[in-house]
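Worth saying up front: this structure is predicted, and the values here are computed from it rather than measured.
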Amino acid sequence: MMTIEAHIEELRAELKWCDDPAEIALITRELRAALAEKTRLISELEAAFPASE
């Protein structure tokens with residue numbers, strides 16, 4: 001199974017070399033969704049394991 005970070009990097013690489021507008025739009029949506037998922041996962045971890053002061 002691919003990590004969220006690997007998936008994000010793969011999408012960024014695809015986007016860098018893509019020249020088809022429809023494909024660029026699809027990859028961009030997928031990248032935004034993956035970034036949102038990463039943010040959600042980080043928030044959940046931070047809530048589960050709050051930093052001690």
Side-chain angles (χ1 to χ4, degrees):
M1 181 172 199
M2 184 181 293
T3 66
I4 191 74
E5 278 295 325
H7 184 60
I8 289 168
E9 290 307 312
E10 182 178 281
L11 290 169
R12 285 179 173 154
E14 288 180 31
L15 196 54
K16 184 177 180 180
W17 298 107
C18 188
D19 60 0
D20 176 33
E23 189 72 15
I24 289 170
L26 176 63
I27 295 168
T28 299
R29 283 193 303 273
E30 289 181 27
L31 179 56
R32 286 184 180 146
L35 290 167
E37 177 69 2
K38 178 182 173 186
T39 299
R40 185 189 65 77
L41 290 170
I42 290 170
S43 294
E44 285 181 7
L45 282 172
E46 289 173 343
F49 303 99
S52 58
E53 295 181 22

Rounded at 0.5 Å granularity, tell me how far [atom1] in [X] sits from [atom2] in [Y].
X     : Y     : atom1 : atom2 : answer
Ile27 : Arg12 : CD1   : CZ    : 13.5 Å
Ile24 : Arg29 : CD1   : CZ    : 12.0 Å
Glu37 : His7  : CD    : NE2   : 9.5 Å
Leu26 : Leu11 : CG    : CG    : 9.0 Å
Glu9  : Glu14 : CD    : CD    : 12.0 Å

Is atom CZ of Arg40 surrounded by more than 12 heavy atoms (other residues, nucleotides or ligands) closer than 6.0 Å?
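Atom CZ in Arg40 is crowded, with more than 12 foreign heavy atoms closer than 6.0 Å.
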
Please give me the minimum heavy-atom distance between Ile8 and Ala34, naming the atom from each residue.
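Smallest interatomic distance, heavy atoms only, reads CG1-CB, 3.7 Å.
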
Same apolar cluster (I L V M F W Y, side chains within < 4.5 Å links), Ile42/Leu35
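As far as the 4.5 Å side-chain criterion goes, Leu35 and Ile42 are not connected within one cluster.
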
